[in-house]
Every structure is written in structure tokens, then in C-alpha cells.
Colleague: 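For reference, the structure I am asking about is given below.
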Protein chains: 2
Amino acid sequence: MVRPTVHDIARHAGVSLATVDRVLNARPGVRKQTVARVEEAIRAIGYVRDQGAANLARRRVYRFAFLLPDGQSRFVGTILSALEEARESQLTDRVMLEVCHVPVHDPHALAATLVALGAGKVDGVAVMAPESPQVRDAVARLRRGGTPVVALVADQPQSDRDHFVGIDNDAAGRTAARLMGRFLPPSGGPVLVVASSIRARDSLERRFGFDSLIGTEFPAVHCLPTLEAHDDPQRMAAILQNAFAARSDIVGVYSLSTGNGALIDALREKGRLARLVVIAHELTPLTRAALLAGELDAIITQNTGHLVRSAIRVLQARCDGREILASQERIRIEIILRENLP
Amino acid sequence: MVRPTVHDIARHAGVSLATVDRVLNARPGVRKQTVARVEEAIRAIGYVRDQGAANLARRRVYRFAFLLPDGQSRFVGTILSALEEARESQLTDRVMLEVCHVPVHDPHALAATLVALGAGKVDGVAVMAPESPQVRDAVARLRRGGTPVVALVADQPQSDRDHFVGIDNDAAGRTAARLMGRFLPPSGGPVLVVASSIRARDSLERRFGFDSLIGTEFPAVHCLPTLEAHDDPQRMAAILQNAFAARSDIVGVYSLSTGNGALIDALREKGRLARLVVIAHELTPLTRAALLAGELDAIITQNTGHLVRSAIRVLQARCDGREILASQERIRIEIILRENLP
DNA sequence: TTGTATGCGTTATCAT
DNA sequence: ATGATAACGCATACAA
């Protein structure tokens, strides 16, 4: 009925509490035979540690750092509010959250920040940054130093990060494609694909997923080459100007990364919104408003609250040497229409 | 830096630990003035109780009962697996989960089970059942007895349940309608609406939401009266037979409650699936397979893992007299296509 | 009405 | 190499 405790182990193995603790926490100074006896007892009575009591005795606090891109991205803004919200939750009773803003396109600065964090300054790191050799190496160094690292939103596939907290971007692109294909009339037509920068791995994956599904399932739809606005509103306006001048028969727009504000503004100005199917990523105050106004047809997104809570839970589990509950940490690709807006 | 403890309160207020504890837990036997002094101290130093330590000292265990409809519903099956999964999670370290299966259409049995649970047998109840006066009263009795109650999946709006864990079914119906309207060609046509029973409040709400959005936004689409199969495969086959005989121009099917197995089987038999837009509720092994097979175009669902974890967290918070984190407990209306299947 | 002392399950600091 | 014992933050039986 009641869970066995360290006392039960001690009694069962005929040793003292201190010895039990030593083997439980893999501390030295115990004879091999004794270790075996204790481990046997643990298995025999089915002991499982009360992590809460352990943290109490240890006065454990988890210091986690979130490395986020600087700049005024709306999406990062929603992550920041989610972090703020997590601070007030039960979840963060013993965790201290620190946010580091780092220049996105400076891999060296990124790596330096990561490495600096490694010197016992924090107990775990969540990093949202484009893939780069520098970051990969820094993550490896952190991990070797015993600091758990999770990749947030954008994976660091070749590094040995402990976990990726985010969605499958290929599948997200395919999801967008399915919606685009089905929202468009059967006659199809050319679809514009815009991105802030196609260099980012997640943009590439989304584009790839989008193209491949359109290609196989909606032959009447034709994907135009990716236009890159580099998060510059002026550039975005000019790019769209050119695109629509070149082809007046465009039927849809897929925006696969940030910069939705500029995109929507530009489209609105052209008075083209009503006749286009427009699909974008990430639910922010801006895309929410556009969806409500009927300027956006659908949003593909990931729940940022879930994102940060999951990162925290995973880091904590790694610190404790626990397993995670996979299904709880699986971030879902969400489709948001006006009707199911949270 | 470190959080203040009961000792700090005691020192600040010039009283003993026991007195602090008495006012913290609203126990009698403390002079009004003393209470005020302690409360002042609590505010002054910004004390917030360490719930983990409290539970440890108290050897607290939370016994929660989940009342679920009996029968072999696939949806209830996924809830059961979610409960099973929760049992292995960190979340249930101190919680014991009990499942009661009750006949859905016997309000008296339902109420009796609820009332029986009230006699200090459990610390909280999650109930998934159709609304009825009997259940409403039983919930009220439980609450008066100090047992927190949450309504699961189906709300008990007139009872004073502590919380509703589930989705807005009107919005879910509207979401289905938006998808139906946009997936159908502009020419529209008649759409079949099938339910196991239209008496259930959630079915009614979905139907209402579906109809109202179709009515205002997709005038070319025409919703036929709801067909009730009462979870009987034979009846479902017969009903569909009649419906298609009466109107050969049906373009879509909206299944707003259970019984998707029978529906899909019947449609497949008629060879009509390829030319219909079919939208159903709840992701189960069955609807998942149908979606993958292209027999279903979209699924509207709610994450059952989230559902049970949320119910547990909310009940626990109520037991502790804590507030919940609203955003974490908001169940989302999820749209699942083949591409974003979890 | 208020205070003292002990215990919850675990860790960690001393001794031995 | 091992054991006794005092914390951790909180609750509570028992005294006063």
C-alpha cells in the first residue's frame, strides 16, 4: 500500500541509511559486495525514490537558461510570455529561469554564450538557434561537461543534444500543402512561397514538405520559387510587387517563416487578399488578428506554452536521471482556423 | 534569494511554528490579533508554501476517481490508455487513480455512484456523463461535502462543478463546418449529419455550431436533418441506405459523435467514400486508420492525454486550495489531417 | 490560546 | 568502509 523507503532498503540489506544513500547516488566508498546487497534489496522491494523529498533534503534548485534569438520577432515574443507564465506555475517551484538573447546570425557569439553557461553556471540549457558547426561543438562541450541541452523549435541534428522540443517541419510543410491544395479550387494555379531566409534548416524542411505533397497530390497547383524578404518590410513589398507583376494569376501564398506582418500589409495594400488562399506559420497577436479579419485562411503552429513547459520538464528529468513521458512531450502540429482559435 | 519558510514567519511575527501552521491552515484556536500579526508577516516576507514539503509531512495521497461511461467506445478507450500512461508519470507520484465504469443512460446509477464516492472515499472526482438532474444533484452533494468535482469531455453546466475539462463543442462544430465548406467544391450540395444520439448536449452544440456557420458562410451547402444510429451498426447501415436512396447528390458527411466505425464501414460498402468529404470527431485507432486510408478527410479532436492530465492537475489544485494555470488547462480543438497525425 | 518536540523520505556531515 | 545523526520545510500530537 505505502511506498517502500530508504529505511526499508537499509533494513532489508542489513546496512545503514548512509550506505543505502551512497549506492543510490553512486557515491564511492562502498564495497562491491555491499553495493550488490543493497541493489538486490532495492529490486526486491521495488523501491522508487521520492524525488520531492530528495529535492527537499538537497535544497535542490534547477537553474535553466533559455537561449533565444534577439530582435523583435513576434514568435519569440510568445515564447517569452510563455516563460513568464511558467514562472508562476507549480512546475517552476524549484526552477529558476534565465533568458539569454543572442544575435541569430552570429554563430560565434552563440557558441560563446553556450560555453560560458557550461561552467556550472546553470543546470540545463534550452537553445533556439539555427544549426551551425560552432553551435554544434558548443553543445557537445556542454554535454560533455554534464549539462543537459535541449534544442528548441529548431533542431540541432548533428549535435548530441539530449532532446528536440519542437515539431517535424517537413510534416508541417506537408500539412500546409494539404490545406492549400484543398482550399484552392480544383483548377489550381501558381502559389507564392515566401520566407525570411531559406538558409534556415526549418524553412528548408517546410518548403520541401510543402513541395513534395503539392507535387504528388495537387498537380494543378504550381509552386513558385521561394522569395526571401530577410525580415525587411520594404523588401517584402518590393518582392511581392514584382511577383504579382510577373504573374497575375497567382492563387495562393504560403509564408513559411517569420515576417508575416510585412506580408499581410503588402497583400492588403494590393487589395489581393480576398481572392487568395493565404497560409502562414506561428500564432502570434499579428497572425491571430489577420485570421480573425479573414486575411489569413489558416495558421500552422505549435503551442509555445507547451514548448517551454516541455523543455523545462525534459531538462529536469535529465538532471534527475529520470525518463520522460514521451507522449506528453510530443509537440503537435496545430492547425488553427478562425473557429478554433484559442 | 532563498524562499522564506514557516520559521521566517514565526520569527517575524514573534510566535511559534504551531501558531503559524494554525493560521496557514485556517485552524481554530488562535486569537484574532495573533492571526492578523501572522498574516501580516506572511504578506511582508512574501511567503509561499512549499506544497511538496507539506505533502511529505502530511503523507498526503490524492485519491481521484474517474467516472467513465461503460461500453466499448473507442474514445473512452483512448481515455483509459491516457489514464494508464498517467499512472507511470511523475504527475501521479502521490495520486491514486480509480476508474468507475457506469451505464451511460442510467442517471440514477450514475448519481448513486457519485454519492457513494462522496463519503470520504476519494479526494476528487472527474465525471464524464450526459447532463441530467440526478447527476447535477449528486455533483452538488459532493461539492457540499468538500469533494472537488470536474466535468470531463461533457460539461455539467447547471451543476456547480469546479471546472470543465473539455472543449467548446459549439466551436468544434463551427470548425468542422469551416473545413467542410472549404473542402467542398463551390457548387456545394447536401451534407449528411449523423450522430449516435442527438439528445446529448455536446451533440446538440456541435450540430448547432455546424449549422450556423454553414448557414452564414456557405449558402450553397445544405445540411440535412440529423440521423441517429444509437451506436447500432445495423441501424447505421440502414439509415445511410435510406439517406442515399432519397438523395443521390449528397456531397459530404459530418459525424458528430461516436459510431465512426459503423459509419465508415457502411460508406465503404456503398463505394461512396472517394467522392464524399467526410469529417468526424475524436482520434481513435479506428479514425486514425480511416484518415490514413483517405476515407476520412479530417478529424476534429481533443488530446486525451492532455484531458486526463489536466483533470488530475485541476483536482489536485482544488485539494490544495491553489489556483490553476488557465492557459495550461485550456483544452484545444485540434484539427487532424493525414499530415499532422501524431 | 500558544509552544515544544517529533516525524515525513531523503541527503549529507560528521564520527567510528 | 560504514554508521549515527542532524537537517530540509512543513504538519501535528501533546504539553503548558
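Letters A, B, ... are given to chains in the order of the sequence lines, protein chains preceding strands, and every chain is numbered from 1. Computed over heavy atoms, backbone and side chain alike; hydrogens, waters and symmetry mates excluded.
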Colleague: Side chain to side chain contact (heavy atoms under 4.5 Å, CB included) with A:T113: which residues, sequence neighbours excluded?
Modeller: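 Scan of A:T113 (side chain to side chain contact (heavy atoms under 4.5 Å, CB included), adjacent residues dropped) gives A:L67, A:C100, A:V102.
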Colleague: Taking the side chain from A:Q158 and the backbone from A:P133, do they hold a donor-acceptor pair closer than 3.5 Å?
Modeller: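 Judged by distance alone, no pair lies under 3.5 Å.
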Colleague: Has A:D320 got a side-chain atom pairing as donor or acceptor with A:R322's backbone, closer than 3.5 angstrom?
Modeller: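 Answer holds: no.
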Colleague: For A:S16 and D:dG3, is the shortest distance between a side-chain N/O and OP1 or OP2 below 4.0 Å?
Modeller: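 Yes, because at least one side-chain N or O of A:S16 sits under 4.0 Å from OP1 or OP2 of D:dG3.
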Colleague: Under 4.5 Å between any side-chain heavy atoms of A:I324 and A:R313, yes or no?
Modeller: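 Sidechains of A:R313 and A:I324: no contact.
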Colleague: Under 4.0 angstrom, heavy atoms only, what part of the nucleic acid is B:V20 near: base, sugar-phosphate, or nothing?
Modeller: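 Contact class for B:V20: none.
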Colleague: Measure CZ/A:R60 against C1'/D:dA7 and give the value in whole Å, please.
Modeller: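 Atom-to-atom, A:R60 to D:dA7, this comes out as 18 Å.
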Colleague: Nearest whole angstrom, please: distance from the C1' of C:dG3 to the CZ of B:R11.
Modeller: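 In whole Å, C:dG3 C1' and B:R11 CZ are 17 Å from each other.
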Colleague: In whole angstroms, how far is the P atom of D:dA7 from the NE2 atom of B:H7?
Modeller: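 Distance check: B:H7 NE2 to D:dA7 P gives 11 Å.
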Colleague: Assuming nearest nucleotide by heavy-atom distance, tell me which of B:G14 and B:R59 is located more 5' along DNA chain C.
Modeller: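 Mapping each residue to its closest nucleotide by heavy atoms, the 5'-most match is B:G14.
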Colleague: Indicate every side-chain donor-acceptor pair of residues 146-155 of chain A with a distance under 3.5 Å to a residue at least two apart or in another chain.
Modeller:
{"from": "A:D155", "atom 1": "OD1", "to": "A:R161", "atom 2": "NE", "distance (Å)": "2.8"}
{"from": "A:D155", "atom 1": "OD1", "to": "A:R161", "atom 2": "NH2", "distance (Å)": "3.4"}
{"from": "A:D155", "atom 1": "OD2", "to": "A:R161", "atom 2": "NH2", "distance (Å)": "3.0"}

Colleague: Applying side chain to side chain contact (heavy atoms under 4.5 Å, CB included), name anything that partners A:S89, two or more places apart in sequence or on another chain.
Modeller: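 In terms of side chain to side chain contact (heavy atoms under 4.5 Å, CB included), with neighbours along the sequence ignored, A:S89 is linked to A:L91, A:T92, B:L325.
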Colleague: Without placing hydrogens or testing angles, list every side-chain donor-acceptor pair under 3.5 Å for residues 40-49 of chain B, not counting sequence neighbours.
Modeller:
{"from": "B:E40", "atom 1": "OE1", "to": "B:R43", "atom 2": "NH2", "distance (Å)": "2.6"}
{"from": "B:R49", "atom 1": "NH2", "to": "B:N25", "atom 2": "OD1", "distance (Å)": "2.5"}

Colleague: List, with names and distances, any nitrogen or oxygen atoms from the protein found under 3.5 Å away from nitrogen or oxygen atoms belonging to nucleotides 12-16 of chain C.
Modeller:
{"from": "C:dA12", "atom 1": "OP2", "to": "A:R27", "atom 2": "NH1", "distance (Å)": "2.9"}
{"from": "C:dA12", "atom 1": "OP2", "to": "A:R27", "atom 2": "NH2", "distance (Å)": "3.3"}

Colleague: May I ask you to decide if B:P69's main-chain N or O and B:S73's side chain share a donor-acceptor pair within less than 3.5 Å?
Modeller: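 It does not hold such a pair.
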Colleague: To the nearest Å, give me how far apart CG (A:L24) and P (C:dT11) are.
Modeller: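 Result: 6 Å.
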Colleague: With sequence neighbours excluded, what pairs up with B:P285 under the side chain to side chain contact (heavy atoms under 4.5 Å, CB included) test?
Modeller: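 Result, side chain to side chain contact (heavy atoms under 4.5 Å, CB included) vs B:P285: B:T78.
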Colleague: Please identify each residue that fulfils side chain to side chain contact (heavy atoms under 4.5 Å, CB included) with A:T5, with sequence neighbours left out.
Modeller: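 Partners of A:T5 by the side chain to side chain contact (heavy atoms under 4.5 Å, CB included) criterion, ordered by chain and then number, come out as A:H7, A:D8.
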Colleague: Can you sort out which residues in residues 44-56 of chain A have a heavy atom within less than 4.0 Å of DNA chain D? Ascending by number, please.
Modeller: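 Output list: A:L56.
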Colleague: Can you measure from CG (B:L68) to CG (B:L83) and round to the nearest 0.5 angstrom?
Modeller: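 So the gap between those two atoms works out to 6.5 Å.
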Colleague: Counting only heavy atoms and a strict 4.0 angstrom limit, can you tell me which residues of residues 30-40 of chain A come near DNA chain D?
Modeller: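 Contacts with DNA chain D under 4.0 Å: A:V30, A:R31, A:T34.
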Colleague: What residues form a side-chain hydrogen bond (donor to acceptor under 3.5 Å, both in side chains) with B:H108, not counting sequence neighbours?
Modeller: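 B:Q134.
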Colleague: Would you work out how much the helix from C:dT1-D:dA16 to C:dT16-D:dA1 bends between its ends, with each end axis defined by five base pairs, to 10 degrees?
Modeller: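 Overall, the helix from C:dT1-D:dA16 to C:dT16-D:dA1 bends by 50° from one end axis to the other.
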Colleague: Quick check on D:dG3: is either OP1 or OP2 less than 4.0 Å from any side-chain nitrogen or oxygen of A:T19?
Modeller: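 For A:T19, the contact criterion (side-chain N or O under 4.0 Å from OP1 or OP2 of D:dG3) is met.
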Colleague: Side-chain atoms of residues 137-145 of chain A: list all donor-acceptor pairs with protein atoms under 3.5 Å, sequence neighbours left out, distances to 0.1 Å.
Modeller:
{"from": "A:R143", "atom 1": "NE", "to": "A:D160", "atom 2": "O", "distance (Å)": "2.8"}
{"from": "A:R143", "atom 1": "NE", "to": "A:D162", "atom 2": "OD1", "distance (Å)": "3.0"}

